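Down below is the structure, laid out as C-alpha cells.
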Amino acid sequence: MSYQHWLNYLQSAEKNSMISNKLRKVLYKFPDGQQMAEEYNMDTGVVQRRAWRKCKQLMGEPEWEIELGEEPRQLNWAAANKQNTAGGGDADNISGGEFTVRESNTAPLLTKRITKKNIEWRIRNLPYPLNVYDIQADAEQRAIIVRTNNKKYYKVIKVPELDRCGVPPVQANISAHHQFNTLIITYQKPPILCEMEAQVLLLLKDVETETDVDDLLKGLLAK
C-alpha cells in the first residue's frame, strides 16, 4: 500500500498554477503526453474538480474527460487568464473543449465530489426507494457496483483515488441514502488517502502561482 508512484508522477509534470475566484487552478503536463487540470478550494484545500486529456492524436485534440466535479461544466482555466480565440486547443487553453456531453434531463446522471473526510457520488434521476439498490464494494474490479433489484439500473463506479494509494474499496466504508430522486453514496476515506492528499498539497506548495489580475484589483479596491 503506497502512493509514492502517484507522487512521483505528479513531480515529473510541468506545472502551471494560478488563483482566481478563491480557487487555485493547476495544470499538469506529463512526460507521457497526458495532461491533468485541477481546481482546489483555497479555504479548505480540497480538490473540487479534476479532468484529464489523453495523449495527442493524429486527428485533432482529444476531449477532456471529467474525473471529479460536482457540476458537469468546464474548469475554464483560460477564461480566468486570457481569452484565446486563435483556436487549436493548446494545452494551456482548457476552455478549448467541453468536458461533458449533453444528456437527457431524465437519464441518470452521476457526479462526484470530495470532502475532507469522504468521497461522495450523486446519481440523479433515480426515483426508486433506497431498499431497491444494492451497493457493493468489489475488490476484484476495484470499484463500487450499484444495481437495482428491478434491473432498471447498473453502474460500475471506479475509485481512482484508492488505486493511487494501492488499496481496494471496502464495504464497511460505504453508506447511502436517497432523497429528491437522487441516490447519494458516501465512501469514508481511509487514513492512507488523507495522507496522500496532504502530501500532494505539500508538493503544490512549491509551485509558483499567478494571481488573476481582476481578483487582485478587487482586493486592492476593497481595502
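Note that this is a predicted model, so its numbers are computed, not measured.
The shortest distance between side-chain heavy atoms of L183 and Y133 falls below 4.5 Å. For the pair V26/N16, no side-chain contact is recorded, criterion being any heavy-atom separation below 4.5 Å from C-beta on. Side chains of Y40 and L201 form a contact here, defined as non-hydrogen atoms less than 4.5 Å apart. Looking at E210 and I19, their side chains never come closer than 4.5 Å, going by heavy atoms from C-beta outward. Using a 4.5 Å cut-off on side-chain heavy atoms (C-beta onward), I123 and Y153 make contact. A heavy-atom distance below 4.5 Å is not found between the side chains of D134 and T148. Contact check for I145 versus I157: no side-chain heavy atoms found under the 4.5 Å cut-off. Put simply, the side chain of Q34 does not reach to within 4.5 Å of the side chain of Y28, judged on heavy atoms.
H178 places a side-chain N or O within donor-acceptor distance of the main-chain N or O of L126, the cut-off being under 3.5 Å. Using a distance-only test at 3.5 Å, with no hydrogens or angles considered, no donor-acceptor pair links the side chain of N41 to the main chain of V46. Between the side chain of K158 and the backbone N or O of Q141 there is at least one donor-acceptor pair closer than 3.5 Å. In this structure, the side chain of K189 engages the main chain of T115 through a donor-acceptor pair within 3.5 Å.
Here the CZ atom belonging to R122 is positioned 8.0 Å from the OG1 atom belonging to T186, to the nearest 0.5 angstrom. S17 OG to D206 CG: the interatomic distance, rounded to the nearest 0.5 Å, is 11.5 Å. In this structure, CG in L204 is found 9.0 Å from CG in L202, a value given to the nearest 0.5 Å. Atom CG of L68 is separated from atom CD of E38 by 8.5 Å, given to the nearest 0.5 angstrom. A distance of 9.5 Å separates CD of Q48 from CZ of R113, quoted to the nearest 0.5 Å. Atom CD of Q35 sits about 5.5 Å away from atom CZ of R53, to the nearest 0.5 Å.
A continuous path of Ile, Leu, Val, Met, Phe, Trp and Tyr side chains, each step under 4.5 Å between heavy atoms, connects L130 with I144, placing both in one hydrophobic cluster.
A side-chain contact (heavy atoms from CB on, under 4.5 Å) with T209 holds for exactly one of R24, K15, K25; it is R24. The side chain to side chain donor-acceptor pair (under 3.5 Å) with Y3 is formed by just one residue from the set E161, E197, E195; it is E195.
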Could you walk me through whether V132 and N150 satisfy the side chain to side chain contact (heavy atoms under 4.5 Å, CB included) test, starting with their C-alpha distance in whole Å, then the side-chain angles of each, then the deciding distance to 0.1 Å, before giving a yes or no? CA-CA 7 Å; V132 172; N150 60 11; 4.0 Å; yes

Is there a side chain to side chain donor-acceptor pair (under 3.5 Å) between Y187 and E120? Walk through the geometry before answering. CA-CA 6 Å; Y187 190 90; E120 181 184 282; over 6 Å; no

When you look at W121 and T111, which way does the side chain to side chain contact (heavy atoms under 4.5 Å, CB included) test go after all the steps? CA-CA 6 Å; W121 297 268; T111 59; over 6 Å; no

As a quick check of understanding, evaluate side chain to side chain contact (heavy atoms under 4.5 Å, CB included) for L10 and V200, giving each step before the final call. CA-CA 8 Å; L10 296 183; V200 172; 3.8 Å; yes

Show, in sequence, the C-alpha distance, side-chain angles and deciding distance for D138 and V156, and conclude whether the side chain to side chain contact (heavy atoms under 4.5 Å, CB included) test is met. CA-CA 9 Å; D138 190 315; V156 178; over 6 Å; no

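Annotation: Q179, atom CD; neighbour count of heavy atoms from other residues, nucleotides and ligands within 6.0 Å is above 12. Residue-environment remark: OH (Y154) exceeds the threshold of 12 foreign heavy atoms within 6.0 Å. Sparse packing is recorded around NZ of K152, with 12 or fewer heavy atoms of other residues, nucleotides or ligands lying under 6.0 Å away.
Checked for salt-bridge contact, R164 and E67 meet the test: a charged N lies under 4.0 Å from a carboxylate O. A salt bridge is defined here as a Lys NZ or Arg NE, NH1 or NH2 lying under 4.0 Å from an Asp or Glu carboxylate O, and K22 with E39 fails to meet this definition.
For D163, the side-chain contact (heavy atoms from CB on, under 4.5 Å) partners are R142, not counting sequence neighbours. Taking Y9 as the reference, F30 meet the ring pair (Phe, Tyr, Trp, His ring centres under 6.0 Å) condition, with sequence neighbours excluded.
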With a cut-off of 3.5 Å and sequence neighbours excluded, list every side-chain donor-acceptor pair involving residues 165-176.
unit_1, atom_1, unit_2, atom_2, d
Q171, OE1, A137, N, 2.7
Q171, NE2, I135, O, 3.0
N173, ND2, Q188, O, 2.9

